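Reviewing the structure listed below.
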Number of protein chains: 2
Amino acid sequence: MAASIVESGSIDLSNALEDRGLRRTAARSAVTGRIEQLNDAFTAENLCRDLPDVGRATVYRTIRHLVDAGALCKLPILDGAPMYSIARVDHHHHTICVRCGAVGEFRHSTVERVLRSLEKEIDGDIVGHRMEIFITCRACLGDQHAIKKTSR
Amino acid sequence: MAASIVESGSIDLSNALEDRGLRRTAARSAVTGRIEQLNDAFTAENLCRDLPDVGRATVYRTIRHLVDAGALCKLPILDGAPMYSIARVDHHHHTICVRCGAVGEFRHSTVERVLRSLEKEIDGDIVGHRMEIFITCRACLGDQHAIKKTSR
DNA sequence: CTCTAATTGATACTTGATATCAATAAATGT
DNA sequence: ACATTTATTGATATCAAGTATCAATTAGAG
Ligand SMILES: [Zn+2]
Ligand SMILES: [Zn+2]
Ligand SMILES: [Zn+2]
Ligand SMILES: [Zn+2]
């Protein structure tokens, strides 16, 4: 059930696919390899550009498998394409730098406690939640000349 | 500075536009009127369908103005077009029914307290946040035959 | 090595949204 | 009321993100 965990604590992406009964192919290895090489969150188009020899459809399909497997988090961005980041710990939330797009993770038990206390107040059954904190990251605070990494 | 407030506590949409120096036109009144008539969150395409005599560009432009004015909340949905809902109170978060798409609002001071306590932990300056709770709403719990309202 | 089912990727298409720009309508001043 | 100016409109073209199709290829089982 639980996917393989590598030293860093994050899920091994190829194994995550294999665990779902998917074949190990060159195209999928190219995609997972590239994602693991990246340290930051990325968009599907980023990957397509980085991997011109892998078809767009395959890039999108592989990302979808990884999200379904829980190995990638899909972060809806207010305008434009969603970003993806490797899910390094089990349950967490994200920080997103509004200047450079860098994505971080945080865990805070209080967030979950808030949910439990809201259960009374909310007119229905809670089935999930999402929280993002928008920040100006340390790097961007120190660099007045920062440019959006995700060039569009 | 603060936009006009009507009895219900929500912002009057036409006034919100006027407050931004925009002209009061028939097309804009049609859009704001329709939004106020709707009780639920909606997509841009919903409005276009409901208002065939208003050009798509105008519908999208008017929505953008209303979001900029803070009169509408834009809710990024994981797949597909964002939904919009009237901002009824100043600062709040949203519940989204995963079955029917109904959007609600909630306020909880603990959420804001969590943020303050995270300030130490987060590597940068917090500039904003977003939280959504996914629910099965009361109506959907009682109705096994519920159909997604947002037909696609 | 063979066979079968899964996978790939070029292409066409869909959807959501924006840019263009001539025609129209709102505000302003006379 | 009328002329002038400027904002607005909306048909159309275009863009962007992502999916469907499907013949050709390839992985994995036997
Ligand atoms: Zn994550
Ligand atoms: Zn940054
Ligand atoms: Zn519901
Ligand atoms: Zn809040």
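Here is how names work: the chains are called A, B, and so on, in the same order as the sequence lines, proteins then strands, and each is numbered from 1. Here the structure is a predicted model, which means the values were calculated and not measured.
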Check your understanding: Does the gap between the ring centers of His91(B) and His129(B) come in under 6.0 Å?
Key -> yes

[X] and [Y]: which non-hydrogen atoms are nearest, and at how many Å?
X         : Y         : answer
Ser85(B)  : Ala41(B)  : CB-CB, 4.0 Å
Ala44(A)  : Val59(A)  : O-CG1, 4.0 Å
Ile126(B) : Glu119(B) : CD1-CG, 3.8 Å

Taking only N and O in the side chain of [X], is any of them less than 4.0 Å away from OP1 or OP2 of [N]?
X        : N       : answer
Tyr60(B) : dT18(C) : no
Thr25(A) : dA6(C)  : no
Arg28(A) : dT7(C)  : yes

**Study point:** Any N/O donor-acceptor pair, Arg23(B) side-chain to dA25(C) base, under 3.5 Å
**Key:**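 A donor-acceptor contact between them is absent.
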
Exercise for review: Taking atom types as modelled, find out whether Arg61(A) and Thr58(A) have a side-chain donor-acceptor pair closer than 3.5 angstrom.
Suggested key: yes

Return the value, rounded to whole Å, for the distance between atom [atom1] of [X] and atom [atom2] of [N].
X        : N       : atom1 : atom2 : result
Asp53(B) : dG10(D) : CG    : P     : 9 Å
Asp79(B) : dA17(D) : CG    : C1'   : 12 Å
Arg64(B) : dT8(D)  : CZ    : P     : 13 Å
Arg49(A) : dA16(D) : CZ    : P     : 11 Å
His65(B) : dT8(D)  : NE2   : P     : 6 Å
Leu47(B) : dA17(C) : CG    : C1'   : 14 Å
Leu78(B) : dG18(D) : CG    : P     : 11 Å
Leu22(A) : dA29(D) : CG    : P     : 14 Å

Review point. Quick one: are Thr136(A) and Val98(A) in side-chain contact, heavy atoms under 4.5 Å?
Key: yes

Exercise for review: Assign each of Ala57(B) and Glu18(B) to its nearest nucleotide of DNA chain C by heavy atoms, then name whichever residue's nucleotide is nearer the 5' end.
Suggested key: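 Mapping each residue to its closest nucleotide by heavy atoms, the 5'-most match is Ala57(B).
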
Exercise for review: Specify the residue among Lys74(B) and Gly21(A) whose closest nucleotide of DNA chain C lies further upstream toward the 5′ end.
Suggested key: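 Closer to the 5' end of DNA chain C: Gly21(A).
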
Check your understanding: Contact class for Arg24(A) vs. all strands (heavy atom < 4.0 Å): base, sugar-phosphate, or nothing?
Key -> sugar-phosphate

Review point. Reckon Arg61(A) touches a base, only the sugar-phosphate, or nothing at all at heavy-atom distances under 4.0 Å?
Key: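 Contact class for Arg61(A): base.
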
Practice item. Please name all residues satisfying side-chain contact (heavy atoms from CB on, under 4.5 Å) with Glu121(A), sequence neighbours left out, ordered by chain then number. Key: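 For Glu121(A) the side-chain contact (heavy atoms from CB on, under 4.5 Å) partners, ignoring immediate neighbours, are Leu118(A), His108(B).
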
Exercise for review: Give the nucleotide from the list dA17(C), dG18(D), dT19(D) with an atom nearest to the side chain of Pro82(B).
Suggested key: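 The nucleotide sitting nearest to the side chain is dA17(C).
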
Review point. Between the two ends of the helix from dC1(C)-dG30(D) to dT30(C)-dA1(D), what is the bend in degrees, rounded to 10 degrees, where each end axis spans five pairs?
Key: 40°

